[in-house]
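Here the structure comes first, spelled out in structure tokens, and everything after it is commentary.
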Amino acid sequence: IACLVMYLFAEFDDAANLLAANPDATTISIDEPVEIPKNQHGRPQEPGREEDDELLGTDDSDKTELLAGQKKSAPFWTFDYYQTFFDVDTYQVLDRIKGSVFPVPGKNFVRLYIRSNPDLYGPFWICATLVFTIAVSGNLSNFFIHLGKPTYHYVPEFRKVSIAATTIYAYAWLVPLALWGFLMWRNSKVMNIVSYSFLEIVCVYGYSLFIYIPTAILWIIPQKVVRWVLMVFSLCLSGSVLVMTFWPAVRDDNRRIAVATVATILLLHALLAVGCLAYFFDAPELDIPAPIIPAHNGTTVVTKSH
Amino acid sequence: FPGLADVSISQDIPVEGEITVPVGSNSPDEDYSTLDEPVKDTIMRDLKAVGKKFVHVMYPRKSSALLRDWDLWGPLVLCVALALMLQGGSADSKDDGGPQFAEVFVIIWFGAVVITLNSKLLGGTISFFQSLCVLGYCVMPLTVAMLVCRLVLLAGGGTVSFIIRLIVVGAMFAWSTLASTAFLADSQPPNRKALVVYPIFLFYFVISWMILTFTPQ
């Protein structure tokens with residue numbers, strides 16, 4: 001609840017600041033975003049500062065900040081307030097998922113797909129699916145790896161579901177919270193052109209986790225090389241979505257802080273993937289049947305000698 | 001009123017008649033009258049309602065009877081039966097066993113609540129308890145599957161028994177999902193139906209997974 005209150009105040013503060021700075025922001029017409037691809041074609045190569053300003057222009061961010069402030073006007077203890085976060089249609093959710101899996105270079109996921117309508121449906125259900133996919137795939141993969149062994153007795157390993165749930169939901173909500181707090185703090189020191197609301201950050205993180213669902217299913221294949229290739233591949237895809245989203249937000253800042261922020265984002269993302277692979281999926285070549293036979297001989301020899 | 005001065009009512013004419021209000025069958029007065037009926041009637045009425053809903057789940061048609069008179073007895077009975085049957089799984093280690101009673105209970109009820117909240121937040125017109133009722137009753141095919149699995153496992157556990165269990169659980173999972181979708185899909189806005197059906201699919205998939213991976217000690 002405190003987070004929601006902080007977010008609301010931040011939204012209203014932002015809106016008030018931006019309106020004071022640009023009193024005629026409201027006169028910009030709605031079809032401004034349509035002109036943006038034209039400008040981009042005019043300057044194809046290096047996305048310079050100027051072009052990015054037009055791409056994520058001050059007017060656009062003014063408008064979206066104001067629209068975001070106007071939309072969520074119901075008080076946060078009513079049901080209608082939360083309904084505004086589920087105001088998406090099927091095709092919108094599918095588009096956002098597609099945007100997270102196929103990152104278009106130079107296009108920002110938040111501006112392109114979310115457009116001041118962040119939803120909580122995607123992050124919540126993608127995380128839920130990921131939790132169960134990892135638990136089920138891990139269980140299946142362990143079953144196949146240990147299948148031929150005589151001493152193996154199948155166990156469902158149900159506890160791991162709760163561990164997976166805690167980890168993934170903590171990552172999907174606490175890391176955006178920390179990142180949002182950090183960006184707000186930097187915003188108070190350095191005037192950034194681009195700033196994201198808390199829900200938009202949660203949205204980006206939630207949708208960026210989608211690529212891990214097919215990856216987790218493919219991790220059933222008990223080959224170390226295959227698993228690591230899959231992990232690097234999915235890390236590149238979802239990491240690039242995150243980088244392209246957050247780089248414009250920290251770029252105006254001190255160079256070292258900007259690089260450190262983006263590096264931390266990527267590091268945490270990689271840590272999640274590696275941790276899940278290590279904990280839920282046993283290593284493929286774990287036990288070799290040959291040592292069991294000499295051990296039996298060894299013990300019989302020992303008992304005989306006694 | 002001068003014209004009315006002549007009107008008078010003779011004292012000899014008796015005023016008689018009946019003043020009664022016909023009691024309709026839907027008036028709340030009827031509830032008081034059920035106090036006098038035998039206990040067997042009361043119980044049988046509720047049991048018949050529950051039984052009718054079970055039949056509706058077995059032959060899912062788009063009927064509104066399941067939605068109108070919701071009750072949570074059926075889901076409770078099914079949930080407890082399923083959780084009890086999932087006991088006695090391989091519990092040699094605390095960490096690796098199957099779900100405990102409380103975990104099954106929580107998953108079913110918490111999952112149903114979350115799905116209901118999800119459909120209401122997406123703009124569904126169904127009420128909270130009606131949706132819980134439908135989701136709970138549609139667990140029935142999976143409870144039947146659990147029963148069949150336990151019986152098959154009594155006969156032995158091998159590849160053949162696994163294949164039988166897989167087929168049975170798969171068929172019942174499809175039945176559950178289709179039955180609940182048939183009841184719930186109409187109350188959703190048309191361009192968000194898939195968004196509402198997917199969590200239901202996930203919910204029954206998780207329950208089916210718990211049933212399929214049940215291995216006796």
- Item | Largest heavy-atom contact set with chain B, pairs under 4.5 Å, which of A/N139, A/V161, A/V88 | A/V88

- Please determine, among A/L120, A/L94, A/T129, the option with the most heavy-atom pairs under 4.5 Å with chain B. A/T129

Quick one: closest heavy-atom pair of [X] and [Y], and the distance?
X      : Y      : result
B/L195 : A/V93  : CD2-CG2, 3.8 Å
A/D89  : B/R192 : OD1-NE, 3.0 Å
B/L122 : A/Y121 : CD1-CE1, 3.9 Å
B/A194 : A/T90  : CB-CG2, 3.7 Å

- Task: In sequence, state the C-alpha distance, the side-chain angles, and the governing distance for B/L202 and A/W125, and then conclude on side chain to side chain contact (heavy atoms under 4.5 Å, CB included).
- Result: CA-CA 9 Å; B/L202 186 65; A/W125 287 109; 4.1 Å; yes

- Which atoms of B/L212 approach chain A - backbone, side chain, both or neither, heavy atom under 4.5 Å: neither

What part of [X] lies closer than 4.5 angstrom to a heavy atom of chain B: side chain, backbone, both or neither?
X      : answer
A/D80  : neither
A/V136 : both
A/F124 : side chain

- Query: Near A/F233 CZ, under 6.0 Å, is it more than 12 heavy atoms from other residues, nucleotides or ligands?
  - Reply: no

- Message: Within a 6.0 Å radius of atom CZ on A/F102, are there more than 12 heavy atoms belonging to other residues, nucleotides or ligands?
- Response: no

- To the nearest 0.5 angstrom, please state how far the CZ atom of A/F86 sits from the CG atom of B/N118. 6.0 Å

- Message: Checking A/F143 against B/T213 for the side chain to side chain contact (heavy atoms under 4.5 Å, CB included) test, could you report, in this order, the C-alpha distance in whole Å, the side-chain angles of both residues, the deciding distance, and whether it holds?
- Response: CA-CA 11 Å; A/F143 172 68; B/T213 59; over 6 Å; no

- Side-chain contact, heavy-atom cut-off 4.5 Å: A/R159 with B/E103? yes

- Item | B/W209 and A/L140: CA distance, side-chain angles, deciding distance, side chain to side chain contact (heavy atoms under 4.5 Å, CB included) verdict | CA-CA 11 Å; B/W209 176 256; A/L140 272 179; 3.9 Å; yes

- Message: Tell me which of these, B/K193, B/K120, B/M210, has more heavy-atom pairs under 4.5 Å with chain A than the rest.
- Response: B/K120

